Amino acid sequence: MELTYFSSAFCEPCMQTRAVLAEVERLVPQATVRELDVVRDVAEAEADGIRITPTVIIRDAAGIEVFRATGVPTLAQVLVAAAKAL
């Protein structure tokens, strides 16, 4: 299961989101977090329709999006979405 996390350099909520996702990685061994910067990774950000940072997208093993959150998600939200993706 992959959690894609779109961030930007001077985004305070992005730092909070990074901490939530680090805890998810610790609790869910199958979870892999991939962080993308909207400035450096413009093509991927546009392809995923990213308009706000932070944005977290969780996809299942087939690559189907099962969760999207803009702003800082709670640990509980991400864990529930991760369970759906497994």
Side-chain angles (χ1 to χ4, degrees):
M1 162 195 21
E2 182 175 274
L3 293 81
T4 305
Y5 163 50
F6 289 93
S7 65
S8 53
F10 300 103
C11 168
E12 178 66 32
C14 291
M15 289 183 256
Q16 296 167 332
T17 300
R18 193 175 294 118
V20 169
L21 296 180
E23 184 66 5
V24 171
E25 275 188 309
R26 189 182 75 74
L27 295 170
V28 183
Q30 303 91 331
T32 302
V33 175
R34 184 171 69 121
E35 183 173 350
L36 300 171
D37 184 289
V38 293
V39 173
R40 286 190 310 253
D41 303 296
V42 174
E44 284 196 63
E46 288 177 357
D48 278 329
I50 304 304
R51 303 278 181 260
I52 297 170
T53 59
T55 296
V56 175
I57 299 172
I58 298 178
R59 292 183 173 91
D60 65 14
I64 297 169
E65 184 177 315
V66 297
F67 176 79
R68 180 180 290 238
T70 56
V72 181
T74 66
L75 178 60
Q77 286 175 313
V78 180
L79 289 174
V80 167
K84 290 179 185 177
L86 291 176

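All values reported here derive from a predicted model rather than from experimental measurement. Throughout, numbering of the chain's residues begins at 1 and tracks the sequence.
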Connected via hydrophobic side-chain network under 4.5 Å: [X] and [Y]:
| X | Y | answer |
| --- | --- | --- |
| F67 | F6 | no |
| I50 | V72 | no |
| L36 | V38 | yes |
| V24 | V56 | yes |

* Mind checking salt bridge (charged side-chain N to carboxylate O under 4.0 Å, His left out) for R26 and listing every partner two or more places apart, or none if nothing turns up? => E23
* Is it true that a side-chain atom of D37 and a backbone atom of V39 form a donor plus acceptor pair closer than 3.5 Å? -> yes
* Asked: Listed by chain and number, what are the side chain to side chain donor-acceptor pair (under 3.5 Å) partners of E65, not counting sequence neighbours?
  -> R68
* **CA sep, side-chain torsions, deciding dist, call: I58, M1, side chain to side chain contact (heavy atoms under 4.5 Å, CB included)** => CA-CA 7 Å; I58 298 178; M1 162 195 21; 4.1 Å; yes
Sub-4.5 Å side-chain heavy-atom contact between [X] and [Y]:
| X | Y | result |
| --- | --- | --- |
| R18 | V33 | no |
| S7 | P54 | no |
| L3 | I57 | no |

Run the side-chain donor-acceptor check on residues 77-86: report pairs under 3.5 Å with partners two or more places apart or on a different chain.
from : atom 1 : to  : atom 2 : distance (Å)
Q77  : OE1    : T74 : N      : 2.8
Q77  : OE1    : T74 : OG1    : 3.4

* Is the number of heavy atoms from other residues, nucleotides or ligands within 6.0 Å of CG (L27) greater than 12? -> yes
* To do: For the residue pair T32 and E2, confirm or rule out a side-chain donor-acceptor distance under 3.5 Å.
  => no
* Asked: Nearest 0.5 Å, what's the OG-CD1 distance between S8 and I52?
  -> 11.0 Å
* Asked: Under a 4.0 Å N-O cut-off, is there an ion pair linking D41 with R34?
  -> no
* Asked: Does the side chain to side chain contact (heavy atoms under 4.5 Å, CB included) test come out yes or no for I64 and R59, once each step is laid out?
  -> CA-CA 5 Å; I64 297 169; R59 292 183 173 91; over 6 Å; no
